[in-house]
Amino acid sequence: MQIQQLSVFIENKPGRLAEITEVLAEAQVDIRAISVADTSDFGILRVIVDKPDAAIAALKEHGMTVSLTNVIAVGISDERGTFSKAVRFLADQGFDVEYMYAFISRDQGRAYVIIRTSDGARAAQALQDHGFEILPAEAVYNM
Amino acid sequence: MFFQKEIETMKSSELEALQLTRLREMVDYCYRNVPFYHKRLGEAGITSGDQIKTLSDIRYIPFTTKDDIRDQYPFGLLAVPMKEIVRIHASSGTTGKPTVGVYTRQDLENWSDYVARVVTAAGVTEEDVIQISFGYGLFTGALGLHYGLEKVGATVIPASSGNSEKQLMMLRDFGVTGLVATPSYALYLGELKKESGYPPEAYAKLRHGILGSEGCTEEMRDRIEESLGVNVTDNYGMTELTGPGVSGECEYRCGLHFAEDAFLPEIIDSDTLEPTAPGEAGELVVTTLTRKGMPVLRYRTKDITRLNYEPCRCGRTHVRMDKVMGRTDDMLIIKGVNVFPSQIESVLVATELVGPHYQLVVRRKNFMDSLEVKVELTDASLLESFSGLEQLREKVHDKLKSVLGLETRVTLVEPKSLERFQGKAKRVLDLRNEEQE
(Lines give C-alpha, C1' and ligand atoms only; values in the text may rest on other atoms or scores of the structure.)
Protein backbone atom coordinates (compact mmCIF):
# COMPACT_ATOMS: atom_id res chain seq x y z
CA MET A 1 0.00 0.00 0.00
CA GLN A 2 2.98 2.23 0.34
CA ILE A 3 4.27 4.30 -2.52
CA GLN A 4 7.89 5.00 -3.30
CA GLN A 5 8.75 8.67 -3.31
CA LEU A 6 12.05 10.21 -4.36
CA SER A 7 13.65 12.86 -2.16
CA VAL A 8 16.30 14.93 -3.88
CA PHE A 9 18.64 17.41 -2.23
CA ILE A 10 18.82 20.64 -4.27
CA GLU A 11 20.64 23.86 -3.79
CA ASN A 12 18.64 27.04 -4.00
CA LYS A 13 19.97 28.40 -7.22
CA PRO A 14 18.30 29.54 -10.40
CA GLY A 15 17.47 26.84 -12.89
CA ARG A 16 18.30 23.91 -10.66
CA LEU A 17 14.74 22.63 -10.46
CA ALA A 18 14.48 22.85 -14.24
CA GLU A 19 17.72 20.88 -14.66
CA ILE A 20 16.59 18.11 -12.35
CA THR A 21 13.19 17.72 -13.92
CA GLU A 22 14.89 17.70 -17.32
CA VAL A 23 16.94 14.73 -16.17
CA LEU A 24 13.69 12.96 -15.36
CA ALA A 25 12.15 13.87 -18.70
CA GLU A 26 15.21 12.60 -20.53
CA ALA A 27 14.94 9.31 -18.67
CA GLN A 28 11.35 9.00 -19.93
CA VAL A 29 10.02 9.36 -16.42
CA ASP A 30 6.59 10.91 -15.80
CA ILE A 31 5.96 12.92 -12.68
CA ARG A 32 2.77 12.09 -10.80
CA ALA A 33 3.06 14.42 -7.84
CA ILE A 34 5.67 16.93 -6.78
CA SER A 35 6.50 19.15 -3.83
CA VAL A 36 9.45 21.32 -2.85
CA ALA A 37 10.26 22.32 0.68
CA ASP A 38 13.06 24.77 1.19
CA THR A 39 15.20 26.74 3.56
CA SER A 40 17.22 29.76 2.46
CA ASP A 41 20.10 27.62 1.14
CA PHE A 42 18.72 24.34 0.06
CA GLY A 43 15.53 22.51 -0.65
CA ILE A 44 14.27 19.00 -0.79
CA LEU A 45 12.36 18.04 -3.86
CA ARG A 46 9.89 15.22 -3.33
CA VAL A 47 8.45 13.52 -6.38
CA ILE A 48 6.32 10.54 -7.14
CA VAL A 49 6.95 9.17 -10.59
CA ASP A 50 5.77 6.32 -12.74
CA LYS A 51 9.16 4.57 -12.71
CA PRO A 52 10.94 5.19 -9.40
CA ASP A 53 13.89 2.88 -10.18
CA ALA A 54 14.65 4.51 -13.52
CA ALA A 55 14.31 7.94 -11.94
CA ILE A 56 16.69 7.21 -9.10
CA ALA A 57 19.25 5.71 -11.48
CA ALA A 58 19.11 8.77 -13.73
CA LEU A 59 19.44 11.21 -10.84
CA LYS A 60 22.31 9.29 -9.27
CA GLU A 61 24.08 9.20 -12.59
CA HIS A 62 23.91 12.98 -12.53
CA GLY A 63 25.55 12.94 -9.11
CA MET A 64 22.50 13.93 -7.12
CA THR A 65 21.96 13.03 -3.48
CA VAL A 66 18.68 11.14 -3.66
CA SER A 67 16.81 8.65 -1.52
CA LEU A 68 13.67 6.53 -1.81
CA THR A 69 11.05 6.81 0.92
CA ASN A 70 7.73 5.12 1.51
CA VAL A 71 4.70 7.38 1.70
CA ILE A 72 0.98 6.74 1.53
CA ALA A 73 -1.66 8.28 -0.76
CA VAL A 74 -5.07 8.86 0.74
CA GLY A 75 -8.09 9.59 -1.44
CA ILE A 76 -10.22 12.49 -0.24
CA SER A 77 -13.64 13.30 -1.60
CA ASP A 78 -14.53 16.91 -2.26
CA GLU A 79 -16.67 17.33 0.80
CA ARG A 80 -16.10 19.73 3.61
CA GLY A 81 -14.27 18.17 6.52
CA THR A 82 -13.07 14.95 4.84
CA PHE A 83 -9.44 15.85 4.99
CA SER A 84 -9.61 16.91 8.60
CA LYS A 85 -11.20 13.59 9.48
CA ALA A 86 -8.24 11.75 7.99
CA VAL A 87 -5.61 13.77 9.84
CA ARG A 88 -7.64 13.68 13.03
CA PHE A 89 -7.74 9.91 12.73
CA LEU A 90 -3.97 9.74 12.28
CA ALA A 91 -3.42 12.04 15.23
CA ASP A 92 -5.74 10.03 17.46
CA GLN A 93 -4.03 6.81 16.47
CA GLY A 94 -0.66 8.27 17.42
CA PHE A 95 0.88 8.58 13.94
CA ASP A 96 3.11 11.61 13.42
CA VAL A 97 2.74 13.36 10.09
CA GLU A 98 6.20 14.42 8.98
CA TYR A 99 5.07 16.19 5.83
CA MET A 100 2.35 16.01 3.24
CA TYR A 101 1.24 17.45 -0.06
CA ALA A 102 -1.88 17.14 -2.18
CA PHE A 103 -2.73 16.65 -5.81
CA ILE A 104 -5.99 16.48 -7.68
CA SER A 105 -6.99 13.46 -9.70
CA ARG A 106 -8.48 13.42 -13.18
CA ASP A 107 -11.71 12.16 -11.68
CA GLN A 108 -13.93 14.98 -10.64
CA GLY A 109 -14.47 15.64 -7.02
CA ARG A 110 -11.49 13.71 -5.81
CA ALA A 111 -8.14 14.76 -4.43
CA TYR A 112 -5.23 12.77 -3.09
CA VAL A 113 -2.99 13.57 -0.22
CA ILE A 114 0.51 12.15 -0.04
CA ILE A 115 1.43 11.66 3.57
CA ARG A 116 4.70 10.72 5.15
CA THR A 117 4.01 9.37 8.61
CA SER A 118 5.80 7.37 11.19
CA ASP A 119 5.14 3.68 10.62
CA GLY A 120 3.56 4.19 7.18
CA ALA A 121 2.51 0.59 6.58
CA ARG A 122 0.50 0.43 9.78
CA ALA A 123 -0.97 3.90 9.21
CA ALA A 124 -2.14 2.92 5.75
CA GLN A 125 -3.76 -0.24 7.04
CA ALA A 126 -5.47 1.61 9.86
CA LEU A 127 -6.81 4.29 7.51
CA GLN A 128 -8.12 1.68 5.14
CA ASP A 129 -9.75 -0.32 7.92
CA HIS A 130 -11.42 2.87 8.98
CA GLY A 131 -12.97 3.41 5.54
CA PHE A 132 -10.46 5.81 3.98
CA GLU A 133 -9.38 5.18 0.44
CA ILE A 134 -5.71 4.20 0.21
CA LEU A 135 -4.27 4.13 -3.27
CA PRO A 136 -2.10 1.16 -4.15
CA ALA A 137 1.33 2.02 -5.53
CA GLU A 138 0.54 0.80 -9.03
CA ALA A 139 -2.53 3.00 -9.22
CA VAL A 140 -0.46 6.08 -8.44
CA TYR A 141 2.39 5.17 -10.79
CA ASN A 142 -0.03 4.54 -13.66
CA MET A 143 -2.31 7.42 -12.95
CA MET B 1 66.00 1.57 2.24
CA PHE B 2 68.33 4.34 1.16
CA PHE B 3 69.26 5.72 -2.20
CA GLN B 4 72.49 7.42 -1.11
CA LYS B 5 73.08 5.87 2.27
CA GLU B 6 76.44 7.49 2.98
CA ILE B 7 74.94 10.96 2.59
CA GLU B 8 71.53 10.26 4.09
CA THR B 9 72.98 8.78 7.28
CA MET B 10 76.01 11.06 7.55
CA LYS B 11 77.03 12.02 11.10
CA SER B 12 75.55 15.37 12.07
CA SER B 13 78.96 16.92 12.66
CA GLU B 14 80.14 15.88 9.20
CA LEU B 15 76.90 17.06 7.64
CA GLU B 16 77.28 20.45 9.27
CA ALA B 17 80.86 20.73 8.07
CA LEU B 18 79.72 19.87 4.55
CA GLN B 19 76.93 22.44 4.75
CA LEU B 20 79.30 25.14 5.96
CA THR B 21 81.78 24.45 3.16
CA ARG B 22 79.01 24.49 0.59
CA LEU B 23 77.38 27.60 2.03
CA ARG B 24 80.67 29.50 1.80
CA GLU B 25 81.17 28.33 -1.78
CA MET B 26 77.59 29.28 -2.59
CA VAL B 27 78.03 32.80 -1.23
CA ASP B 28 81.16 33.25 -3.34
CA TYR B 29 79.45 31.74 -6.34
CA CYS B 30 76.41 34.01 -6.06
CA TYR B 31 78.50 37.11 -5.38
CA ARG B 32 80.58 36.46 -8.47
CA ASN B 33 77.98 35.20 -10.93
CA VAL B 34 74.61 36.74 -10.14
CA PRO B 35 74.40 40.56 -10.38
CA PHE B 36 71.33 40.56 -8.14
CA TYR B 37 73.23 38.78 -5.34
CA HIS B 38 76.39 40.77 -5.98
CA LYS B 39 74.41 43.87 -5.12
CA ARG B 40 72.41 42.36 -2.24
CA LEU B 41 75.36 40.70 -0.56
CA GLY B 42 77.51 43.79 -1.11
CA GLU B 43 74.87 45.96 0.57
CA ALA B 44 74.94 43.59 3.54
CA GLY B 45 78.73 43.89 3.70
CA ILE B 46 79.39 40.35 2.47
CA THR B 47 81.87 40.09 -0.36
CA SER B 48 83.34 36.66 0.37
CA GLY B 49 82.20 33.29 1.67
CA ASP B 50 85.06 33.40 4.17
CA GLN B 51 83.05 35.90 6.18
CA ILE B 52 80.65 33.07 7.06
CA LYS B 53 82.41 31.47 10.03
CA THR B 54 79.63 29.21 11.31
CA LEU B 55 76.29 28.03 9.96
CA SER B 56 74.49 30.48 12.22
CA ASP B 57 76.26 33.32 10.41
CA ILE B 58 73.74 32.63 7.66
CA ARG B 59 71.61 35.23 9.44
CA TYR B 60 73.81 37.99 7.99
CA ILE B 61 72.83 36.97 4.46
CA PRO B 62 69.82 38.88 3.08
CA PHE B 63 66.59 37.03 2.36
CA THR B 64 65.30 36.33 -1.13
CA THR B 65 61.54 36.68 -1.51
CA LYS B 66 59.13 35.50 -4.14
CA ASP B 67 58.82 39.10 -5.29
CA ASP B 68 62.60 39.28 -5.73
CA ILE B 69 62.44 36.24 -7.98
CA ARG B 70 59.51 37.71 -9.90
CA ASP B 71 61.35 41.00 -10.33
CA GLN B 72 64.20 39.06 -11.92
CA TYR B 73 61.79 37.40 -14.36
CA PRO B 74 62.71 35.56 -16.45
CA PHE B 75 66.47 35.03 -16.23
CA GLY B 76 67.82 37.66 -13.85
CA LEU B 77 69.00 35.04 -11.36
CA LEU B 78 70.90 32.99 -13.92
CA ALA B 79 74.43 32.24 -12.73
CA VAL B 80 75.75 30.61 -15.91
CA PRO B 81 75.59 31.40 -19.63
CA MET B 82 72.36 30.21 -21.24
CA LYS B 83 74.21 27.59 -23.27
CA GLU B 84 74.88 25.68 -20.05
CA ILE B 85 71.18 25.57 -19.25
CA VAL B 86 69.50 22.40 -20.44
CA ARG B 87 65.99 22.81 -19.03
CA ILE B 88 63.57 25.56 -18.06
CA HIS B 89 60.61 25.04 -15.75
CA ALA B 90 58.16 27.52 -14.33
CA SER B 91 55.92 27.51 -11.28
CA SER B 92 52.22 26.97 -11.68
CA GLY B 93 51.70 30.64 -10.93
CA THR B 94 49.10 29.90 -8.26
CA THR B 95 49.52 33.40 -6.93
CA GLY B 96 50.39 35.46 -10.01
CA LYS B 97 53.13 35.56 -12.64
CA PRO B 98 55.03 32.29 -12.93
CA THR B 99 58.48 32.01 -11.42
CA VAL B 100 61.10 30.46 -13.61
CA GLY B 101 63.58 27.72 -12.70
CA VAL B 102 66.60 26.97 -14.89
CA TYR B 103 68.78 23.87 -14.68
CA THR B 104 72.27 22.94 -15.79
CA ARG B 105 72.96 19.31 -16.66
CA GLN B 106 74.51 18.83 -13.21
CA ASP B 107 71.44 20.45 -11.58
CA LEU B 108 69.17 17.91 -13.26
CA GLU B 109 71.49 15.09 -12.21
CA ASN B 110 71.44 16.28 -8.58
CA TRP B 111 67.71 16.94 -8.64
CA SER B 112 66.89 13.41 -9.73
CA ASP B 113 69.15 12.12 -6.92
CA TYR B 114 67.18 14.13 -4.36
CA VAL B 115 63.87 12.88 -5.74
CA ALA B 116 65.25 9.33 -5.85
CA ARG B 117 66.02 9.63 -2.12
CA VAL B 118 62.46 10.80 -1.41
CA VAL B 119 60.77 8.00 -3.35
CA THR B 120 63.15 5.39 -1.91
CA ALA B 121 62.31 6.65 1.58
CA ALA B 122 58.65 6.24 0.61
CA GLY B 123 59.37 2.57 -0.11
CA VAL B 124 59.62 2.62 -3.91
CA THR B 125 62.05 0.17 -5.54
CA GLU B 126 62.84 -0.96 -9.06
CA GLU B 127 60.02 -3.49 -8.70
CA ASP B 128 57.42 -0.75 -8.67
CA VAL B 129 55.21 0.56 -11.45
CA ILE B 130 54.39 4.20 -10.79
CA GLN B 131 51.74 6.27 -12.48
CA ILE B 132 52.49 9.99 -12.50
CA SER B 133 49.20 11.88 -12.54
CA PHE B 134 50.73 15.31 -12.13
CA GLY B 135 50.28 17.56 -15.13
CA TYR B 136 53.37 17.36 -17.35
CA GLY B 137 54.73 20.57 -18.77
CA LEU B 138 56.38 23.52 -17.10
CA PHE B 139 55.39 22.22 -13.67
CA THR B 140 58.40 20.73 -11.84
CA GLY B 141 56.32 18.06 -10.08
CA ALA B 142 55.78 15.68 -12.97
CA LEU B 143 59.23 15.69 -14.57
CA GLY B 144 60.92 15.92 -11.18
CA LEU B 145 59.27 12.74 -9.94
CA HIS B 146 59.65 11.18 -13.38
CA TYR B 147 63.45 11.37 -13.45
CA GLY B 148 63.83 10.52 -9.78
CA LEU B 149 61.69 7.41 -10.16
CA GLU B 150 63.53 6.34 -13.29
CA LYS B 151 66.79 6.77 -11.41
CA VAL B 152 65.57 4.34 -8.79
CA GLY B 153 64.68 1.98 -11.62
CA ALA B 154 60.93 2.00 -11.15
CA THR B 155 58.69 1.66 -14.19
CA VAL B 156 57.25 5.09 -14.88
CA ILE B 157 53.90 5.79 -16.55
CA PRO B 158 53.75 9.46 -17.56
CA ALA B 159 49.95 9.56 -17.35
CA SER B 160 49.79 13.32 -16.75
CA SER B 161 46.59 14.75 -15.33
CA GLY B 162 43.04 14.61 -16.63
CA ASN B 163 40.86 11.93 -18.16
CA SER B 164 40.18 10.30 -14.83
CA GLU B 165 38.45 7.24 -16.27
CA LYS B 166 41.60 6.45 -18.21
CA GLN B 167 43.69 7.04 -15.10
CA LEU B 168 41.69 4.32 -13.36
CA MET B 169 41.98 2.06 -16.37
CA MET B 170 45.77 2.33 -16.28
CA LEU B 171 45.81 1.72 -12.53
CA ARG B 172 43.99 -1.55 -13.17
CA ASP B 173 45.50 -2.71 -16.44
CA PHE B 174 49.17 -1.76 -16.01
CA GLY B 175 49.52 -3.32 -12.59
CA VAL B 176 50.30 0.05 -11.07
CA THR B 177 51.79 -0.15 -7.58
CA GLY B 178 52.11 3.56 -6.88
CA LEU B 179 50.38 6.80 -7.71
CA VAL B 180 51.99 10.24 -7.85
CA ALA B 181 49.36 12.99 -7.58
CA THR B 182 48.21 15.96 -5.59
CA PRO B 183 46.24 14.95 -2.48
CA SER B 184 43.07 16.50 -3.88
CA TYR B 185 43.35 14.58 -7.13
CA ALA B 186 44.13 11.35 -5.27
CA LEU B 187 41.00 11.92 -3.22
CA TYR B 188 38.98 12.45 -6.38
CA LEU B 189 40.36 9.29 -7.99
CA GLY B 190 39.46 7.46 -4.78
CA GLU B 191 35.86 8.62 -5.15
CA LEU B 192 35.77 7.56 -8.79
CA LYS B 193 37.37 4.23 -8.02
CA LYS B 194 34.50 3.41 -5.70
CA GLU B 195 32.03 4.17 -8.47
CA SER B 196 34.08 2.53 -11.22
CA GLY B 197 32.15 -0.70 -10.98
CA TYR B 198 35.33 -2.78 -10.58
CA PRO B 199 35.89 -4.80 -7.42
CA PRO B 200 38.61 -3.50 -5.08
CA GLU B 201 40.81 -6.47 -6.12
CA ALA B 202 41.14 -4.87 -9.56
CA TYR B 203 43.32 -2.27 -7.86
CA ALA B 204 44.97 -4.66 -5.41
CA LYS B 205 48.54 -3.94 -6.51
CA LEU B 206 48.28 -0.26 -5.70
CA ARG B 207 50.08 0.46 -2.43
CA HIS B 208 52.09 3.69 -2.64
CA GLY B 209 50.50 7.13 -2.71
CA ILE B 210 53.30 9.63 -3.28
CA LEU B 211 51.52 12.88 -2.84
CA GLY B 212 52.76 16.41 -3.00
CA SER B 213 52.55 19.92 -4.39
CA GLU B 214 49.86 20.95 -1.92
CA GLY B 215 49.14 20.42 1.74
CA CYS B 216 47.43 17.32 3.04
CA THR B 217 45.98 17.02 6.53
CA GLU B 218 46.15 13.78 8.51
CA GLU B 219 42.40 13.33 8.11
CA MET B 220 42.60 13.73 4.35
CA ARG B 221 45.49 11.29 4.26
CA ASP B 222 43.38 8.72 6.10
CA ARG B 223 40.56 9.22 3.64
CA ILE B 224 42.89 8.75 0.65
CA GLU B 225 44.52 5.67 2.16
CA GLU B 226 41.15 4.11 2.76
CA SER B 227 39.65 4.88 -0.63
CA LEU B 228 42.69 4.06 -2.76
CA GLY B 229 44.17 1.34 -0.57
CA VAL B 230 47.57 3.02 -0.49
CA ASN B 231 50.16 4.06 2.05
CA VAL B 232 50.48 7.80 1.60
CA THR B 233 53.77 9.63 1.96
CA ASP B 234 54.14 13.35 1.67
CA ASN B 235 56.93 15.11 -0.16
CA TYR B 236 57.84 18.72 -0.50
CA GLY B 237 59.54 21.08 -2.86
CA MET B 238 59.02 24.10 -5.06
CA THR B 239 60.20 25.50 -8.36
CA GLU B 240 62.07 28.33 -6.65
CA LEU B 241 64.28 25.74 -4.93
CA THR B 242 64.44 23.19 -7.82
CA GLY B 243 61.16 21.29 -7.47
CA PRO B 244 60.19 18.16 -5.54
CA GLY B 245 62.98 16.40 -3.67
CA VAL B 246 63.59 19.07 -1.07
CA SER B 247 62.12 16.83 1.62
CA GLY B 248 60.00 13.73 1.96
CA GLU B 249 58.67 11.25 4.48
CA CYS B 250 60.30 7.95 5.30
CA GLU B 251 58.38 4.80 6.21
CA TYR B 252 57.85 6.06 9.77
CA ARG B 253 56.04 9.15 8.54
CA CYS B 254 57.14 11.34 11.39
CA GLY B 255 58.17 14.37 9.42
CA LEU B 256 59.78 15.02 6.04
CA HIS B 257 63.54 14.45 5.85
CA PHE B 258 65.30 17.37 4.26
CA ALA B 259 68.01 16.75 1.67
CA GLU B 260 70.17 18.79 3.99
CA ASP B 261 73.35 18.47 1.99
CA ALA B 262 71.59 20.40 -0.78
CA PHE B 263 68.98 22.52 0.96
CA LEU B 264 69.82 24.33 4.17
CA PRO B 265 66.66 25.01 6.18
CA GLU B 266 65.93 27.66 8.80
CA ILE B 267 62.73 28.68 10.55
CA ILE B 268 62.03 32.35 11.11
CA ASP B 269 59.31 34.45 12.63
CA SER B 270 57.66 36.12 9.60
CA ASP B 271 57.13 39.36 11.49
CA THR B 272 60.47 39.88 13.22
CA LEU B 273 62.47 37.89 10.61
CA GLU B 274 64.49 36.46 13.49
CA PRO B 275 65.05 32.71 13.93
CA THR B 276 62.40 31.08 16.10
CA ALA B 277 63.37 29.08 19.18
CA PRO B 278 64.44 25.51 18.30
CA GLY B 279 61.42 23.33 17.62
CA GLU B 280 59.04 26.25 17.24
CA ALA B 281 56.87 26.78 14.20
CA GLY B 282 57.50 29.58 11.78
CA GLU B 283 58.23 30.33 8.15
CA LEU B 284 60.59 27.97 6.39
CA VAL B 285 63.61 29.63 4.76
CA VAL B 286 65.86 27.58 2.48
CA THR B 287 69.27 28.13 0.93
CA THR B 288 70.25 25.97 -2.02
CA LEU B 289 73.74 24.53 -1.53
CA THR B 290 74.40 22.78 -4.81
CA ARG B 291 72.29 24.55 -7.40
CA LYS B 292 74.36 26.08 -10.20
CA GLY B 293 71.90 27.36 -12.80
CA MET B 294 69.87 29.46 -10.42
CA PRO B 295 71.17 29.44 -6.87
CA VAL B 296 68.90 30.93 -4.22
CA LEU B 297 70.03 32.25 -0.86
CA ARG B 298 67.68 32.25 2.12
CA TYR B 299 64.51 31.90 0.12
CA ARG B 300 61.41 32.71 2.14
CA THR B 301 59.01 29.88 1.25
CA LYS B 302 56.00 31.34 3.10
CA ASP B 303 55.33 27.79 4.28
CA ILE B 304 54.77 27.36 7.97
CA THR B 305 56.34 24.35 9.62
CA ARG B 306 58.84 23.36 12.29
CA LEU B 307 62.13 21.47 12.26
CA ASN B 308 62.90 18.43 14.34
CA TYR B 309 66.58 17.56 14.79
CA GLU B 310 65.91 14.42 16.86
CA PRO B 311 67.34 11.30 15.21
CA CYS B 312 64.79 9.26 13.28
CA ARG B 313 64.26 5.51 13.64
CA CYS B 314 64.88 5.09 9.92
CA GLY B 315 68.55 5.97 10.38
CA ARG B 316 68.51 9.16 8.36
CA THR B 317 70.33 11.94 10.12
CA HIS B 318 68.94 14.77 8.04
CA VAL B 319 66.55 17.10 9.81
CA ARG B 320 62.83 16.47 9.58
CA MET B 321 60.28 19.17 8.90
CA ASP B 322 56.66 18.79 9.99
CA LYS B 323 54.00 18.58 7.35
CA VAL B 324 53.39 22.12 6.19
CA MET B 325 50.76 23.60 8.48
CA GLY B 326 49.78 26.29 6.05
CA ARG B 327 51.15 29.06 3.95
CA THR B 328 51.46 32.61 5.10
CA ASP B 329 49.79 33.25 1.71
CA ASP B 330 46.86 30.93 2.37
CA MET B 331 46.28 32.25 5.82
CA LEU B 332 43.07 34.19 5.93
CA ILE B 333 42.60 36.85 8.51
CA ILE B 334 38.91 36.98 9.29
CA LYS B 335 37.72 39.37 11.97
CA GLY B 336 41.31 39.40 13.17
CA VAL B 337 41.43 35.61 13.56
CA ASN B 338 44.07 33.65 11.64
CA VAL B 339 42.43 30.87 9.66
CA PHE B 340 44.21 28.21 7.65
CA PRO B 341 42.09 26.32 5.12
CA SER B 342 43.79 23.14 6.34
CA GLN B 343 42.07 23.53 9.72
CA ILE B 344 38.70 23.60 8.02
CA GLU B 345 39.64 20.63 5.90
CA SER B 346 40.46 18.54 8.98
CA VAL B 347 37.04 19.23 10.44
CA LEU B 348 35.19 18.36 7.25
CA VAL B 349 37.13 15.22 6.48
CA ALA B 350 36.34 13.95 9.96
CA THR B 351 32.60 14.65 9.67
CA GLU B 352 30.22 11.98 8.44
CA LEU B 353 27.63 12.57 5.73
CA VAL B 354 29.52 15.45 4.13
CA GLY B 355 32.29 15.23 1.55
CA PRO B 356 35.90 16.33 1.96
CA HIS B 357 35.75 18.96 -0.77
CA TYR B 358 34.97 22.49 0.26
CA GLN B 359 34.99 26.10 -0.78
CA LEU B 360 35.54 29.06 1.48
CA VAL B 361 33.89 32.34 0.59
CA VAL B 362 34.99 35.40 2.49
CA ARG B 363 32.81 38.49 2.29
CA ARG B 364 32.71 41.89 3.89
CA LYS B 365 29.50 43.64 4.70
CA ASN B 366 29.35 46.84 6.70
CA PHE B 367 33.06 46.44 7.50
CA MET B 368 32.41 43.03 9.02
CA ASP B 369 34.05 39.93 7.60
CA SER B 370 32.11 36.74 7.23
CA LEU B 371 33.22 33.27 6.26
CA GLU B 372 30.97 30.90 4.40
CA VAL B 373 32.01 27.25 4.25
CA LYS B 374 30.42 25.34 1.41
CA VAL B 375 30.44 21.60 1.81
CA GLU B 376 28.84 18.81 -0.16
CA LEU B 377 26.07 16.70 1.30
CA THR B 378 27.08 13.25 0.11
CA ASP B 379 24.75 11.05 2.08
CA ALA B 380 21.03 10.81 1.39
CA SER B 381 20.04 9.45 4.79
CA LEU B 382 18.87 12.80 6.17
CA LEU B 383 16.61 13.80 3.29
CA GLU B 384 13.43 12.91 5.16
CA SER B 385 14.16 15.35 7.87
CA PHE B 386 14.90 19.03 7.63
CA SER B 387 15.76 19.11 11.28
CA GLY B 388 18.35 16.40 10.67
CA LEU B 389 19.97 18.49 7.96
CA GLU B 390 19.89 21.56 10.16
CA GLN B 391 21.50 19.57 12.95
CA LEU B 392 24.22 18.40 10.59
CA ARG B 393 24.85 21.98 9.62
CA GLU B 394 24.99 23.02 13.25
CA LYS B 395 27.35 20.19 14.04
CA VAL B 396 29.78 21.34 11.34
CA HIS B 397 29.36 24.93 12.49
CA ASP B 398 30.07 24.04 16.13
CA LYS B 399 33.11 21.96 15.28
CA LEU B 400 34.49 24.77 13.14
CA LYS B 401 33.83 27.21 15.91
CA SER B 402 35.78 25.16 18.40
CA VAL B 403 38.72 24.71 16.00
CA LEU B 404 38.83 28.23 14.55
CA GLY B 405 37.26 30.27 17.31
CA LEU B 406 35.16 31.91 14.66
CA GLU B 407 31.54 32.00 13.56
CA THR B 408 31.04 30.59 10.08
CA ARG B 409 28.05 30.10 7.86
CA VAL B 410 27.91 26.49 6.74
CA THR B 411 26.13 25.84 3.48
CA LEU B 412 25.28 22.37 2.30
CA VAL B 413 25.64 22.02 -1.45
CA GLU B 414 25.00 19.21 -3.89
CA PRO B 415 27.57 16.46 -4.33
CA LYS B 416 30.19 17.12 -7.02
CA SER B 417 29.00 20.69 -7.37
CA LEU B 418 32.24 22.07 -5.97
CA GLU B 419 35.15 22.20 -8.35
CA ARG B 420 37.61 19.28 -8.38
CA PHE B 421 41.22 20.17 -8.99
CA GLN B 422 43.74 18.13 -10.91
CA GLY B 423 46.57 20.46 -10.04
CA LYS B 424 46.74 22.66 -7.00
CA ALA B 425 43.39 23.23 -5.39
CA LYS B 426 42.01 26.75 -5.19
CA ARG B 427 39.41 26.62 -2.49
CA VAL B 428 39.27 30.16 -1.24
CA LEU B 429 37.14 32.86 -2.79
CA ASP B 430 37.93 36.15 -1.10
CA LEU B 431 35.39 38.75 -2.19
CA ARG B 432 36.28 41.31 0.43
CA ASN B 433 37.86 43.73 -1.99
CA GLU B 434 35.41 43.12 -4.78
CA GLU B 435 31.92 43.29 -3.49
CA GLN B 436 31.12 46.19 -1.23
CA GLU B 437 27.60 45.36 -0.26
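Letters go in sequence order (proteins before strands), and every chain restarts at 1.
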Is the number of heavy atoms from other residues, nucleotides or ligands under 6.0 Å of [X] [atom1] greater than 12?
X	atom1	result
B:Tyr136	OH	yes
B:Lys399	NZ	yes
A:Lys13	NZ	yes
B:Glu195	CD	yes

Are there residues of residues 60-75 of chain A that reach to under 4.5 Å of chain B by heavy atoms, and which ones?
A:Gly63, A:Met64, A:Thr65, A:Val66, A:Ser67, A:Thr69
For the atom pair CD (B:Glu384) and CD (A:Glu98), what is the distance rounded to the nearest 0.5 Å?
7.5 Å
Value rounded to 0.5 Å, distance of OG in B:Ser417 from CD1 in A:Ile10
12.5 Å
Heavy-atom side-chain proximity of A:Phe9 to B:Leu382 below 4.5 angstrom:
no
Can you tell if the side chain of B:Lys374 reaches within under 4.5 Å of the side chain of A:Glu11, non-hydrogen atoms only?
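No, too far: nothing below the 4.5 Å cut-off.
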Given A:Phe42, which partner from the list B:Leu377, B:Leu389, B:Val413 fulfils the side-chain contact (heavy atoms from CB on, under 4.5 Å) test?
B:Leu389
Check whether B:Thr378 gets within reach of chain A through its side chain, its backbone, both or neither, counting any heavy atom under 4.5 Å.
backbone
